[in-house]
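By convention here, the first residue in the shown sequence is residue 1.
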Amino acid sequence: MNPDGGGSSSSPPPPSASRGAGAEAKEEERGGKQVVVVLVGPPGSGKSTFADAVVAGSNAGRRWVRICQDTIGNGKAGTKIQCLKATSDALKEGKSVLIDRCNLEREQRADFVKLGSTLHVDVHAVALDLPAKVCISRAVSRKGHEGNLQGGKAALVVNRMLQKKETPLLTEGFSRIMSCNDDGDIKKAVDLYNALGPSDSLPSGIFCQKSKGPVQVGIMKFLKKGDTSTVEKSSGPKITLSETKPEQQKPLPKHEKVEEGMSCPMEIEKGLNDKNENEEHAKECDSGDVDSCTLAFPSISTADFQFDLDRASDIIVDTAADFLQKFDNITYIRLVLVDLSEKSRILSLVKEKASKKSIDCSRFFTFVGDITQLHTKGGLRCSVIANAANWRLKPGGGGVNAAIFSAAGESLHHATKKCADALRPGTSVVVPLPSISPLHQREGVTHVIHVLGPNMNPMRPDYLKNDYIKGSKILHEAYNSLFENFASIVRGHMGKQNEKLGPEMSASGGTSPNDTKMKREDSHGSERMKKHKLLPPIMTVKQQHECTKANMPNYHDKSITSSAAPNQAREGDTKKSGVVASKTWGSWAQALYELAMHPEKYKNTDSIMETSDEFIVLKDLYPKAKRHVLVISRTDGLDSLADVKKEHLPLLRRMHSAGVKWAQKFLEEDASLVFRLGYHSVPSMRQLHLHIISQDFDSTSLKNKKHWNSFTTPFFRDSVDVIEEIEQHGSATASSDEKILAMELRCHRCRSAHPNIPKLKSHIANCKSSFPSHLLQKNRLTSS
């Protein structure tokens with residue numbers, strides 16, 4: 001390998017969330033979607049062997065090409081630029097590519113990720129994380145290596161390179177990262193790519209990555225060991241890819257013949273039987289945040305309520321596809337349709353129809369098993385499960401409802417009673433499952449969402465007399481309610497994961513490994529708590545309901561229920577309405593909502609600059625620039641951009657006008673300022689609010705990468721663009737991609753990169769470059 005190939009200092013943008021029709025047409029002409037597999041590992045880790053095995057062993061029709069920097073120059077070592085050109089040429093020819101170079105540092109990988117994003121192909125990382133002593137032993141003892149890296153010098157190079165190794169991260173732009181920790185893992189990875197057909201794709205996420213352990217043995221300590229047999233002993237029997245003993249490897253499931261003309265993107269491999277499919281999904285789901293962002297649900301209304309299976313399957317697929325499209329950039333959100341029987345008609349219908357809609361099989365799939373024993377019996381971890389409930393929300397009645405109440409014990413019954421007395425058809429209610437519940441302790445289930453669908457059974461309440469027009473509408477509403485409530489739980493989980501971020505940061509922001517000190521994050525957590533102290537504690541359900549009746553008679557009666565989590569928002573009385581809000585907000589995130597709904601309680605504070613019936617103008621208590629104020633909507637139920645529709649356009653225009661007015665007032669005081677007005681795509685604080693922020697960013701409260709990127713990347717939506725988009729399309733696009741907030745620090749004027757906030761601020765103070773051209777159009781900037 002060439003360990004010193006050049007690299008780009010810039011990080012790639014996140015992969016495109018959607019692809020144009022032209023790209024899809026070209027892909028169709030080529031016969032499928034190409035993949036770039038970036039191999040990551042030091043000399044001796046087996047990269048070339050891996051690549052050759054995939055190229056030689058592909059049996060599913062996908063064309064692979066190996067691009068090796070050691071031989072790219074007519075059989076001699078070349079440059080990374082040559083590798084990039086060869087990669088681009090191969091992709092345009094319809095081939096998938098294996099990048100055979102060390103790629104141990106982020107900057108060495110960046111250009112390949114960027115190229116893949118530009119050409120709209122998936123970019124995977126396969127990290128060959130074998131022990132250092134194994135790599136050194138192999139590199140030292142090999143003969144005739146392509147790059148002539150062998151013998152004593154190889155040991156020194158391997159050790160030097162491992163000192164600089166950076167573990168691949170999804171924030172770099174990879175759609176999938178797989179770690180191979182021994183020869184067995186490598187064999188499985190080779191088999192996986194060999195079986196990947198031209199139209200197949202692999203699930204996104206991180207797979208087989210070990211937690212950080214002790215530092216590997218250094219070169220000098222290794223060389224002092226005279227007994228090299230310890231290498232073989234520590235890594236197990238040495239098995240090369242060409243000489244693997246069949247009994248030591250689990251064979252991949254056999255392919256079965258698929259009916260002509262029918263592709264099945266819901267399965268990684270075509271024709272998998274249900275057992276093997278369950279095992280694959282169970283393994284893939286067992287990682288990181290996926291557990292907390294996976295919903296298992298039964299088919300609603302098709303059992304006891306006798307709803308037509310064909311119509312029900314259409315509705316399941318349509319609502320699931322719409323939901324996943326909203327969360328296109330959060331790849332670890334998953335929906336799992338569960339049924340007990342391998343011969344389930346609803347599962348086969350949904351699978352077939354989802355395949356025709358090309359829904360990502362890693363994000364929506366079917367599973368055969370008991371929904372109350374998914375982990376212990378099926379190996380599938382789901383922290384949220386749905387229950388096909390009865391209108392009384394009581395145990396009994398048989399089927400899924402009886403099974404879930406029985407498995408969860410009395411604690412679920414009591415928790416449900418605290419949340420709601422009844423449900424009306426087409427609605428759902430979230431019940432946090434107490435930690436004492438057997439279902440929580442055994443299966444890891446943290447929430448149960450009760451759902452009530454339409455009834456076509458004359459022996460049950462609310463019989464619709466086979467009115468499928470009304471019934472289909474109710475079933476659509478039921479699934480939409482279920483998925484929206486699941487989204488609220490996911491947002492709450494993401495909020496907790498990012499609780500140390502600033503009060504105005506997105507809950508979807510990922511944690512970056514490049515932040516210099518976690519203490520900087522912690523310090524801002526205390527700011528958030530200080531900000532919350534200005535407001536009274538969140539009231540109980542009863543208190544809020546009384547307050548709602550007394551002070552807000554015209555507000556919508558929405559509620560989010562959580563008896564076990566008092567920090568969640570509750571508006572109104574779920575027990576009476578049966579309607580559950582689509583969001584979960586931590587108690588600290590309620591500050592703006594409380595202020596907007598009850599500004600009279602804070603009339604003595606100097607933070608409120610203006611109050612009207614439609615909005616209030618508030619100084620940001622921890623401003624990220626010299627001038628930073630918020631225009632906060634007072635419309636109940638308008639929590640963020642995701643809730644904004646065409647009927648809200650007059651309000652948005654008036655909020656924008658108020659923002660411009662205050663910007664002009666500030667300009668009268670300081671004509672050197674320049675202002676930008678906009679919204680965060682996914683705010684961490686409840687209640688729609690418009691930022692008016694000066695572009696100097698001169699503030700001690702701007703402390704970390706998330707603060708900066710939330711105002712200088714596509715995560716920040718200009719007010720004029722939001723208004724125009726809603727006028728044309730009826731809603732605004734909100735980028736919820738957690739990778740954006742973890743991008744490197746770049747000047748918002750000249751786009752130069754900087755390693756940390758202090759150096760960035762120092763540069764900004766002296767940067768005289770003009771603003772990017774797109775900001776100079778459509779009055780996106782306000783200046784004197």
If you apply the rule salt bridge (charged side-chain N to carboxylate O under 4.0 Å, His left out), what do you find for Asp721 with Arg780, and how did you get there? CA-CA 8 Å; Asp721 293 337; Arg780 292 187 178 98; 2.9 Å; yes
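- Between Leu104 and Val40 the shortest side-chain heavy-atom distance falls below 4.5 Å.
- In summary, the side chains of Ser48 and Arg66 do present a donor paired with an acceptor at a separation below 3.5 Å, with no hydrogens or angles considered.
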Give the C-alpha distance, both sets of side-chain angles, the deciding distance and a yes or no for side-chain contact (heavy atoms from CB on, under 4.5 Å) between Val140 and Ile136. CA-CA 6 Å; Val140 169; Ile136 292 171; 4.0 Å; yes
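- In this structure, Asp185 contributes its side chain and Cys180 its backbone to no donor-acceptor pair below 3.5 Å.
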Do Lys357 and Asp318 pass the salt bridge (charged side-chain N to carboxylate O under 4.0 Å, His left out) test, and can you show the C-alpha distance, the side-chain angles, and the key distance before you say yes or no? CA-CA 9 Å; Lys357 289 180 75 79; Asp318 288 345; 3.6 Å; yes
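- Between Asp183 and Lys187 there is no salt bridge, since none of the side-chain N atoms of the basic residue sits less than 4.0 Å from a carboxylate O of the acidic one.
- Classification of the His763-His754 ring pair by plane angle, with boundaries at 30° and 60°, yields tilted.
- Rounded to the nearest 0.5 Å, atoms OG1 (Thr87) and NZ (Lys92) are 11.5 Å apart.
- Residues Ala60 and Pro198 come closest through the heavy atom pair O-CD, 3.1 Å.
- Proximity of a side-chain donor or acceptor of Gln34 to a complementary backbone N or O of Val121 within less than 3.5 Å is not detected.
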Report the C-alpha distance between Val36 and Leu115 in whole Å, list the side-chain angles of each, state the deciding distance to 0.1 Å, and finish with yes or no for side-chain contact (heavy atoms from CB on, under 4.5 Å). CA-CA 9 Å; Val36 174; Leu115 176 63; over 6 Å; no
Checking Phe174 against Leu169 for the side-chain contact (heavy atoms from CB on, under 4.5 Å) test, could you report, in this order, the C-alpha distance in whole Å, the side-chain angles of both residues, the deciding distance, and whether it holds? CA-CA 7 Å; Phe174 292 112; Leu169 300 168; over 6 Å; no
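- Ring geometry for His748 against Trp708 counts as perpendicular: the plane angle is over 60°, on a 0 to 90° scale with 30° as the lower cut.
- Using a 4.0 Å cut-off between charged nitrogen and carboxylate oxygen, Glu166 and Lys164 do not count as a salt-bridge pair.
- Of all non-hydrogen atoms in Val722 and Ala732, the two that sit nearest each other are CG1-CB, 4.2 Å.
- Inter-residue side-chain proximity for Leu781 and Phe771 is flagged as met; some heavy-atom pair is nearer than 4.5 Å.
- There is no side-chain donor-acceptor pair under 3.5 Å between Ser681 and Arg717.
- In this structure, Val65 and Leu98 have side chains that are not in contact, with every pair of non-hydrogen atoms separated by 4.5 Å or more.
- Across every non-hydrogen atom of Arg109 and Asn103, the tightest pair is NH1-O, 2.9 Å.
- Between Lys165 and Glu105, none of the side-chain N atoms (NZ, or NE/NH1/NH2) sits under 4.0 Å from a carboxylate O, so this pair counts as no salt bridge.
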Before you tell me yes or no, could you show the steps for Asn756 and Lys705 under side-chain contact (heavy atoms from CB on, under 4.5 Å), namely the whole-Å CA-CA distance, both residues' side-chain angles and the distance that decides it to 0.1 Å? CA-CA 8 Å; Asn756 53 48; Lys705 183 181 291 186; over 6 Å; no
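- With 3.5 Å as the limit, one finds a donor-acceptor pair spanning the side chains of Thr733 and Glu725.
- Between Arg176 and Ile206 there is no side-chain heavy-atom pair separated by less than 4.5 Å.
- The two residues Ile72 and Cys83 make their nearest non-hydrogen contact at CG1-N, 4.3 Å.
- For the pair Arg676 and Phe716, the cation-pi test (distance below 6.0 Å, angle within 45°) is failed.
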Check the pair Asp89 / Lys85 against salt bridge (charged side-chain N to carboxylate O under 4.0 Å, His left out), numbers first and verdict last. CA-CA 6 Å; Asp89 292 343; Lys85 184 180 185 306; 3.0 Å; yes
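- Remark: the backbone N or O of Cys68 is not paired with any side-chain donor or acceptor of Arg101 at under 3.5 angstrom.
- No side-chain heavy atom of Val126 sits under 4.5 Å from any side-chain heavy atom of Val38.
- Distance check: Asp314 CG to Leu349 CG gives 8.5 Å after rounding to the nearest 0.5 Å.
- Shortest non-hydrogen contact noted between Ala487 and Phe323 is CB-CE1, 3.8 Å.
- Judged by distance alone, the side chain of His680 and the main-chain N or O of Ser710 form a donor-acceptor pair under 3.5 Å.
- One distance of note links OG1 of Thr713 with CG of Leu741; it measures 6.0 Å at 0.5 Å rounding.
- Between Asp100 and Lys47 there is no salt bridge, since no side-chain N of the basic residue sits under 4.0 Å from a carboxylate O of the acidic one.
- Annotation for Leu776: atom CG counts as buried by contact number, over 12 foreign heavy atoms lying within 6.0 Å.
- Using bins of under 30°, 30° to 60° and over 60° for the plane-to-plane angle, the ring pair Trp64/Tyr193 lands in the perpendicular bin.
- Between the side chain of Asp200 and the backbone N or O of Gly197, at least one donor-acceptor pair lies under 3.5 Å.
- Note: Ser96 OG to His124 NE2 = 9.0 Å, rounded to the nearest 0.5 Å.
- Between Phe207 and Leu202 the shortest side-chain heavy-atom distance does not fall below 4.5 Å.
- The side-chain heavy atoms of Thr712 and Arg746, taken from C-beta on, include no pair separated by under 4.5 Å.
- Arg63 places a side-chain N or O within 3.5 Å of a backbone atom of Glu93 that can act as its donor or acceptor partner.
- Without hydrogens or angle criteria, Arg334 side chain to Thr294 main chain gives no donor-acceptor distance under 3.5 Å.
- Between the side chains of Ser58 and Asn194, no donor-acceptor pair is found at a separation under 3.5 Å.
- Nearest heavy atoms, Ala195 versus Asn59: CA-OD1, 3.9 Å.
- With hydrogens and angles disregarded, a donor-acceptor distance shorter than 3.5 Å links the side chain of Thr319 to the backbone of Ile316.
- Taking OG1 of Thr167 as the reference point, atom CD1 of Ile177 lies at 9.0 Å (rounded to 0.5 Å).
- Distance alone, capped at 3.5 Å, places no donor-acceptor pair between the Ser88 side chain and the Leu84 backbone.
- A donor-acceptor pair under 3.5 Å is absent between the side-chain atoms of Asp718 and the main chain of Val720, judged by distance alone.
- Contact check for Leu295 versus Val336: no side-chain heavy atoms found under the 4.5 Å cut-off.
- Within the model, atoms CG of Leu119 and NZ of Lys114 stand 12.5 Å from one another, a figure rounded to the nearest 0.5 Å.
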